[in-house]
Amino acid sequence: MELGSIVKFLENRSILVTGATGFLAKIFVEKILRVQPNVKKLYLLLRAADNKSALQRFNSEVVGKDLFKVLKDKWGGNLNTLISQKVNLVPGDITFENLGIKDSTLLEETWREVEVVVNLAATTNFDERYDVSLRINTIGARHVLNFAKKCVNLNLLLHVSTAYVCGEKAGLILENPYKLGETLNGTPGLDIDAEEKVVEERLNELQLEKASEQAITSAMKDLGIQRARKYGWPNTYVFTKAMGEMLLAHSKENLPLVIFRPTIVSSTYKEPFPGWVEGVRTIDSLVVGYGKGRITCFLGHPDNILDVIPADMVVNAMIVSMVAHANQPDMSIYQVGSSVGNPIIISKFQDYGVRYFQKNPWINKEGKPVIVGKIKVLSTVASFHRYMAIHYLLPLKGLQIVNTAFCQFFRDMHLDLRRRVNHVFRLIELYGPYIFFKGVFDDMNTEKLRRVVAESDMETNIFYFDPKSIDWEDYFMNTHFPGVVRYVFK
């Protein structure tokens, strides 16, 4: 593997980015514009009906974010000129052939000009409707591949997946591809075309039953979990992402392909500034709940590893892999995480959270600080169920009896508490496999990429992605937690 100047590679290069309003996509776009303003063109695919609505989304959901303040400071009033020259908005949708691009002139231009396709479009909701998740994460990946094959000057397709396509495997998880129809539990019969038919038939049944939209959504969510678990995956998200990988690996032919599998992506480590985050991500929902005084217990074994990687490191590794594999007619897989190189255990993460919010208490709506105590750790599912029974299910049963005795006077209170308890059990059902996850992600390919960058002695400070450089205590206490708090207070 040889590597020249990464910045030079980006010069005069045309890149198509799908899912351009997503978390990683925005960081990717900002990085390219900041380090190589002489990029030829960034074609950004946004779900939009027309150019006007695409521009509105881009201005409010991309350039309008704090993420771009470094670029704004650098370019001042010239930033709009830079963007107008270098960014071409493409209204479309990966759930359709030709990415749903209706403008034939623009379609022909992208096929002619695009040299790198970066597929970041996805739904990352663990509890998504199966029809939605299958359409975006699986069939959408096939549409992107077919589109990339029509790009006459294509150097590479880079597809961003997730490390957790491995399901609930334990031990060392290798950077290996999935074959079409392969399952995690050995159950035969996984056929992606058949999965589409299963969805279609269930939707037809629901429509014949004249089910409400809410009932259809609930049924589609349940169907996704059912189909995922039939073949050994814990939820709809990772199941549909795994099937997307299968389609790409099976149908790539001679197209240069890189599949990227980040672990839990957290706030930026350094660039464009430390602590930028958007959305309350998986681990952050626990942080926010604890800081607000809503979470008094935590489910998870204290010695289990929490595999976290900052978003800017993921983006840097993506860009370097583009350079390393351009015009190479093979497929490479990169798992980008920290569990091998610089692991952090759950008890440390919990300790940092307690210390941070004791030192920097959350200010509630009344303007008063929320005082938090040491969190109770429940290391088994059985202990969790005992805790919930004592603290929530018994009071819920008591409230139900009182409500009946008082002619439904406490009906709203009872419904609200029952809804919250059911929500907690649903979260445990979805996230339980990760709370007790016992795998570590081999990142040998990623390590080789890091060594090539280090040995070339080129731009290592610009395209850093070594998790061993992270001091987790400093990162969580002074970067990540403050970033999460800033986002939630917006």
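Along the sequence shown, residues carry numbers from 1.
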Q: Are H325 and S332 close enough that a side-chain donor and a side-chain acceptor fall under 3.5 Å?
A: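 Indeed, the side chains of H325 and S332 share at least one donor-acceptor pair under 3.5 Å.
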Q: To the nearest 0.5 Å, how far apart are OG1 in T123 and CG in L134?
A: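 Separation between the atoms: 12.0 Å.
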Q: Salt bridge or not between E30 and R34? Use side-chain N to carboxylate O under 4.0 Å.
A: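 Looking at E30 and R34, the cut-off is met.
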Q: Which heavy atom of A249 sits nearest to which heavy atom of L257, and what is that distance?
A: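 A249 and L257 have their closest heavy atoms at N-CD2, 4.4 Å.
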Q: What do the steps show when you test R450 against V453 for side chain to side chain contact (heavy atoms under 4.5 Å, CB included), and what is the final call?
A: CA-CA 5 Å; R450 282 192 285 264; V453 175; 5.8 Å; no
Q: Whether the S5 and E459 side chains hold a donor-acceptor pair (N or O, under 3.5 Å, no angle test) is what I'd like checked.
A: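 The answer is yes; a qualifying pair exists.
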Q: Please report the interatomic distance OG1(T162) to CD1(I259), rounded to the nearest 0.5 Å.
A: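 Between T162 OG1 and I259 CD1, I get 12.5 Å after rounding to 0.5 Å.
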Q: Let me see the working for T95 and I136 under side chain to side chain contact (heavy atoms under 4.5 Å, CB included), right down to the final yes or no.
A: CA-CA 6 Å; T95 63; I136 297 173; 3.7 Å; yes
Q: Would M243 and Y231 count as a side chain to side chain contact (heavy atoms under 4.5 Å, CB included) here? Give the steps.
A: CA-CA 11 Å; M243 287 191 289; Y231 295 112; over 6 Å; no
Q: Tell me if a side-chain donor or acceptor on S53 pairs with a main-chain N or O of A48 at a distance below 3.5 Å.
A: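 Not confirmed, S53 side chain does not pair with A48 backbone.
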Q: Go through the side-chain N and O atoms of N137 and S133 and say whether any donor and acceptor fall under 3.5 Å apart.
A: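 The criterion, which ignores hydrogens and geometry beyond distance, is satisfied for S133 and N137.
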Q: Is the side chain of K241 donor-acceptor paired with the backbone N or O of V160 at a distance under 3.5 Å, no angle test?
A: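 Answer holds: yes.
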Q: Can you pull out every ring pair (Phe, Tyr, Trp, His ring centres under 6.0 Å) where at least one residue sits in residues 57-79? Sequence neighbours excluded, please.
A: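 Of all non-adjacent pairs touching residues 57-79, none passes ring pair (Phe, Tyr, Trp, His ring centres under 6.0 Å).
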Q: What are the two closest non-hydrogen atoms of T263 and G337, and how far apart are they?
A: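 Closest approach of T263 to G337: OG1-CA, 3.5 Å.
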Q: Which pair of non-hydrogen atoms, one from E182 and one from P177, has the smallest distance, and what is that distance?
A: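 Reported closest heavy-atom pair: OE1-O, 4.2 Å.
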Q: Taking atom types as modelled, is there a side-chain donor on T240 or Y130 under 3.5 Å from an acceptor on the other?
A: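 Side-chain D/A pair, T240 to Y130: absent.
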Q: Between K468 and E447, does any side-chain N to carboxylate O distance fall below 4.0 Å?
A: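 A salt bridge links K468 with E447.
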Q: Just checking, any donor-acceptor pair under 3.5 angstrom between side chains of Y487 and S267?
A: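 No pair is found: no donor N or O on one side chain lies under 3.5 Å from an acceptor on the other.
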Q: For residues 351-362, which residue pairs qualify under side-chain hydrogen bond (donor to acceptor under 3.5 Å, both in side chains), counting only residues two or more places apart or in two chains?
A: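 Those involving residues 351-362 are D351-R355, R355-E473.
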Q: Quick one: does D307's side chain have a donor or acceptor within less than 3.5 Å of a partner on S339's backbone?
A: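 Yes.
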Q: Between R57 and R47, is there a donor-acceptor pair closer than 3.5 Å when you use the side chain of the first and the backbone of the second?
A: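 Between the backbone of R47 and the side chain of R57 there is a qualifying donor-acceptor contact (under 3.5 Å).
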Q: Begin with the C-alpha distance, continue with both residues' side-chain angles, and end with the deciding distance and a verdict on side chain to side chain contact (heavy atoms under 4.5 Å, CB included) for I344 and F476.
A: CA-CA 11 Å; I344 175 174; F476 281 113; 3.5 Å; yes
Q: With Y164, which of F441, F126, W233, Y237 fulfils ring pair (Phe, Tyr, Trp, His ring centres under 6.0 Å)?
A: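 Single ring pair (Phe, Tyr, Trp, His ring centres under 6.0 Å) partner of Y164 among F441, F126, W233, Y237: F441.
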Q: Would you check if the side chain of Y269 reaches a backbone N or O of S469 as a donor-acceptor pair within less than 3.5 Å?
A: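 A pair under 3.5 Å: yes.
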Q: Does the N316 side chain pair with the main chain of Y464, one donor and one acceptor, at a distance under 3.5 Å?
A: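 Looks like yes, one N/O pair under 3.5 Å.
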Q: With a distance cut-off below 6.0 Å to the six-membered ring centre and an angular limit of 45° from the axis, does K230 pair with F239 as a cation-pi contact?
A: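 No; the conditions do not both hold, so K230 does not lie above the ring face of F239.
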Q: Can you tell whether the side chains of E213 and R129 come within less than 4.0 Å, N to carboxylate O?
A: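 Here E213 pairs with R129 in a salt bridge, since their nearest N and O are under 4.0 Å apart.
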Q: Determine whether a donor-acceptor pair (N or O, by modelled atom type, separation under 3.5 Å) exists between the side chain of E245 and the backbone of V165.
A: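 No.
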